[in-house]
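Working notes, beginning with the structure itself.
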Amino acid sequence: MSLLNEIEPLKQAALADLQAAADLAALEQAKGQWLGANGKFTALLKQMGGLPKEERPLAGKAINAAKVELETALAARRGELELRAALPKDPTDFTLPGRRRIPGKLHPLTQVTDDIVRSFRKIGFVVADGPEIEDEYHCFDALNTPADHPARDSQDTFFVAGSENRGGATPQSPLLLRTHTSSVQIRVMAKQPPPVRIIVPGRVYRRDNADATHNPTFNQVEGLYVDRKVTVGDLKGTVEFVFKDLMGPDTKIRFRPHYFSYTEPSFEIDFSSPLVKKMGKDWLEIAGCGMVHPQVFETVGYDPEVWTGWAFGFGIERIAMIRYGITDIRLFYENETRFLRQF
Ligand code: DAH
């Protein structure tokens, strides 16, 4: 077969090879095989020397044309493969529905806490804070709670293992996760002289099994008011103002005698409103309160002959459940967005 007849089939084979290269490395290899120094197409050029003189121009022209064609094909294929290499491995499917970003919002418990704080601010209360890892002294002893009180039982409270003999802090007493925000009463009074007008929203811990109305962690708001000649009437008026502000003008409250070791007299507060009626009840127990016990004042160095005061504490989840008609407390902690989105 003459050289001229070899050009076309070789070119076709080379074109097929270049086109078949699946990636850039394969393409470079194919290029070497055909157009490299020892390539099969290059070999054609070398054979030109053996042709009779008169055949050379024609053959040269044909080979060069084929070479240009191969180089064009090579560049085109390289462009395609470079583009493919630059694309992401998993190509985007533009027909899929978009991923919407849902704007975040405050957790319902945060919203209720903010509302409670706002109500108390209207009548001059400020927010105070204290540690969630508390000691027995602030949580119990200083609140006139005796060592044999059931709340101090390891069945009811999370004690911090190995904290019994810790050094440093005075008074030294074992650490625990605070069972109520009342401990902050002590911390604030020990630090500042009267008068005091604070509320303390915060997380508390108890050894409870979670069910529809209990959870081992929940939130409370503590209130403390200390001044001269403070009365139960001030307490009742304040609580009534705040609950009406929070739960609507039809809200009623009533006090029932109760016992807390850090107040005397002590009361439980029940409240009633159209929201409570909706739950099929007349009254719901909502808070504990009372006049600060003189022993508590003695402990923090306030003169009980001069200073009087009241305190209260209530659960924030309880308020939120009544307000929104929620029947299972655990919903607050599951962070299921279908629940949270509703508030
Ligand atoms: N600490 C109480 C509790 O966790 C609530 C409470 C009752 C707080 C009476 C008070 C109070 O300040 O005076 O159940």
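When a ligand or atom number is given, it counts from 1 through the structure's own listing order.
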With a 3.5 Å cut-off and no angle check, do the side chains of E222 and T181 form a donor-acceptor pair? yes
Has ligand 1 got any nitrogen or oxygen that is less than 3.5 angstrom from a nitrogen or oxygen of G288? no
Less than 4.0 angstrom from a charged side-chain N to a carboxylate O is my criterion; do R323 and D115 meet it? yes
Would you say the ring centroid of F312 lies under 6.0 angstrom from that of F120? yes
Identity of the nearest option to atom 3 (C) of ligand 1, non-hydrogen atoms only, from R206, E222, M291: R206
H180 ring center near F314 ring center (under 6.0 Å): no
Does the N or O separation between C289 and ligand 1 drop below 3.5 Å for any pair? no
Under 6.0 Å from the ring centre and within 45 degrees of the ring axis: does the NZ or CZ of K236 meet both conditions for the six-membered ring of F255? yes
Quick one about W34 and D17 (side-chain donor to acceptor, distance below 3.5 Å, no hydrogens or angles considered), yes or no? yes
Protein heavy-atom partner closest to atom 8 (C) of ligand 1 - residue, atom, separation in Å: G313 N, 3.3 Å
Looking only at distances, can you tell me whether any N or O atom of T179, backbone or side chain, sits closer than 3.5 Å to an N or O atom of ligand 1? no
Output the list of atoms in ligand 1 that are nearer than 4.0 Å to some heavy atom of F260, sorted by atom number. 7 (C), 9 (C)
Heavy-atom proximity to atom 11 (C) of ligand 1 ranks first, among Y259, Y262, F267, for Y262
I'd like to check which ligand 1 atoms, numbered from 1 as shown, lie under 4.0 Å from a non-hydrogen atom of Q185. 12 (O)
Would you mind listing which atoms of ligand 1 come within a distance below 4.0 Å of any non-hydrogen atom of S182? 1 (N), 8 (C)
In ligand 1, the atoms that come under 4.0 Å of a heavy atom of Q220 are 3 (C), 4 (O)
Less than 4.0 Å between a side-chain N and a carboxylate O, is that true for D156 and R207? no
